[in-house]
Amino acid sequence: MKNNILEISNLEVFSKIDSRKKLVNSISFNVRRGKTTCIVGESGSGKSLTALSVMQLLSQQLNLTGKILFNGSNLCEIDSESIRKKRGNEIAMIFQEPMTSLNPVLTIGYQIEESLMVHNDLSRSQLNVRINELLRLVAINPDRVNSYPDELSGGQRQRIMIAMAMSCNPDLLIADEPTTALDVTVQAQILELLDQLKKKLDMSMLFITHDFGVVADIADDVVVMYQGKIVEQGDVDSVLNKPRHPYTKALLQCVPDALGKKTLKPIDYMKLERAMASI
Amino acid sequence: MKYLLTAKSLSKKYVQTQGFFSRRKTTINALDNVSLNIRKGITLAVVGESGSGKSTLARSIIRLVEIDNGEIAFDGNDFLSLNSSALKNSRKNIQMIFQDPYASLNPRMKIQSIMEEPLLIHKVGTKQLRQKKIEAMIKRVGLDFYDLDKYPHQFSGGQRQRIGIARALILEPKLVICDEPVSALDVSVQAQIVQLLKSLQKEFGLTYLFITHDLRIVRHIADEVVVMRQGKIVETGKTDIIFQNPKTTYTKKLLASIPGIKKTT
């Protein structure tokens, strides 16, 4: 078994209409097996597009080139049927807004069942056992199986999304800002849950966020993106404590710290451009 | 007059029916005997999880929500017994900045009209004077004078929040209620808006009531903090003291859930 579960090399995403306009510009990074890699960046930096490229869920108007090796197979080259078999089964994804990614007219039990049925051949009783198991895994009372999404709180809905993602024991979980819409206390619970599940189920994670506080809590490796390019990558300690790139430094200064010692400094983009031009 | 606003034992109950046909009713205490004082020129932050009643508190102070019980005095005058025209006048002194910069600007109005509307409602000045005010204010919040001719959808989230701030400040209010003004924004934009709010406070001598669930922002902007839970005030005090020496277990729990706290301390 290789050490990296996901190897992305020279990934480019561009518009079909104007191929000069690169939204993701030749990026390469790896996700180590059993570890969490965080992609950090502002909105528009291309972090979500990178995640969607791995899932092969990009919009029809976008094209991509490059290599995405997942467990040794290149996801950019396999046909749509084989990627469909991997999606949800080997690679699962959770999204930012648990309110909009659940179907409001179906019970949560049914929605978890759906993801199980697509990839597995289970009998009715096996299904029920597994659904119970999954709900307990994300610390939701199994009695809630017949509840509808609107009967749950935001944090509970995100737990249901996680249960659905866990249904087939994926090797890789892609989490696109899963806690941004949540309260701090609930956010802490969800991060804790994801970290536990990662260890318990021997899973790797690609985690997208714009919050360096979250990064400090959950990441092993960090990739910092700015305007479609990777400006810095490395292990979490070196990126957070010894940032080398001017953009990483500037972004870190925007993050309010709990100690309140440093002053918040908004990014001065003119200065940043000059600093970046000089490297 | 030391306090700009004093609120005494505010209570507000919401009655909820369970299900469409059911007659069973549950009452929720959104505000349960809440008292607070805001001194002139400071920033008071109200912190709590969703459902803690912090937004109801903000809305009841500006009388967008009528409370069931309690007293509110603004600048020494009883605020609750005002009739509608007097209320309108007082509201000139209390303005609000909302959380969602996408939802709080009318998509069919140009920025010019969005900013002129409060001035027209309160019959401020002549046409020329109003125009002067609008142009000065839009520059002050970091936008340009030709932006006045645009519609809200032409702006980014951070820019829209700037417009929301400009609209709130154009009437030169004394108290500004900020209901999670930076929660929907990216960190880099968040830092810009926090710095803008701080410098505007110095310049205009504003008092802020700042509602948020993000304790890290509180640390950077607030002088005093009120921690709320389930409609009650759990703890209140100076920001530094609460952060260094939280008394209740709930505040401790809130502080412990700040992302990144384990590694920074």
Side-chain angles (χ1 to χ4, degrees), chain A residues 38 40-45 47 96-97 148 151 153-155 177 179-192 195 209-219 226 236-237 240-241 247-248 250-269 272, chain B residues 18-19 47-52 54 99 142 156-158 180 182-199 212-223 225 227 229 239-240 242-244 246 250-265:
Chain A
C38 270
V40 201
E42 294 169 80
S43 42
S45 60
K47 52 193 197 304
Q96 177 172 358
E97 278 177 50
Y148 289 89
E151 296 169 328
S153 71
E177 308 224 15
T179 59
T180 308
L182 304 173
D183 259 14
V184 262
T185 41
V186 184
Q187 166 168 300
Q189 290 163 12
I190 297 287
L191 290 177
E192 176 84 44
D195 213 39
T209 180
H210 66 253
D211 190 337
F212 270 112
V214 173
V215 174
D217 274 353
I218 202 162
Y226 177 59
V236 64
D237 275 335
L240 290 188
N241 299 325
Y247 178 71
T248 318
L251 194 59
L252 276 164
Q253 275 180 325
C254 294
V255 184
D257 64 327
L259 303 172
K261 278 182 189 140
K262 59 173 193 189
T263 42
L264 287 186
K265 250 209 222 139
I267 298 181
D268 183 345
Y269 290 94
L272 180 65
Chain B
Q18 302 229 308
V47 212
E49 294 170 82
S50 43
S52 62
K54 54 191 196 302
Q99 172 173 9
S156 67
E180 308 238 13
V182 295
S183 306
L185 306 173
D186 248 24
V187 265
S188 53
V189 185
Q190 201 174 33
Q192 290 167 10
I193 298 292
V194 167
Q195 287 315 102
L196 176 66
L197 285 170
K198 272 180 154 177
S199 72
T212 184
H213 67 255
D214 191 339
L215 283 149
R216 291 179 294 175
I217 295 289
V218 170
R219 193 74 205 248
H220 282 273
I221 202 164
D223 303 297
V225 187
V227 183
R229 187 194 190 191
T239 310
D240 287 340
I242 288 208
F243 270 74
Q244 276 153 20
Y250 181 67
T251 313
K252 281 178 195 155
K253 189 183 139 210
L254 271 183
L255 286 170
S257 57
I258 297 176
I261 192 91
K262 282 170 234 148
K263 296 217 172 144
T264 48
T265 45

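Only heavy atoms go into these numbers, but all of them, side chains included; no hydrogens, no water, no symmetry mates. All chains are named by letter (A, B, ...) in the order of the sequence lines, taking the proteins before the strands, and each is independently numbered beginning at 1. Here the structure is a predicted model, which means the values were calculated and not measured.
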query = Above 12 or not: heavy atoms from other molecules or residues under 6.0 Å from NZ of K198(B)?
reply = yes
inquiry  = If I compare all heavy atoms of D217(A) with all of I258(B), which pair ends up nearest, and what's the gap?
reply    = OD2-O, 4.5 Å
remark   = Here the gap from R216(B) atom CZ to D211(A) atom CG, rounded to the nearest 0.5 Å, amounts to 4.0 Å
note = So NE2 of H210(A) and CG of D186(B): to nearest 0.5 Å the spacing works out to 5.0 Å
note = Here the gap from Q192(B) atom CD to D268(A) atom CG, rounded to the nearest 0.5 Å, amounts to 10.0 Å
query = In Å, rounded to the nearest 0.5 Å, how long is the span from CG of D214(B) to CG of D183(A)?
reply = 10.0 Å
note = When the 4.5 angstrom heavy-atom criterion is applied to L185(B) and chain A, the contacting part is backbone
ask   = Could you give the distance from CG (L272(A)) to OG (S188(B)), rounded to the nearest 0.5 Å?
value = 10.5 Å
note = Under 4.5 Å to a heavy atom of chain B? For Q187(A) that would be side chain
request  = Against chain A, label V187(B) side chain, backbone, both or neither, depending on which of its atoms sit under 4.5 Å from a heavy atom there.
outcome  = both
note = Looking only at S43(A), A188(A), G154(A), most heavy-atom pairs under 4.5 Å shared with chain B are made by S43(A)
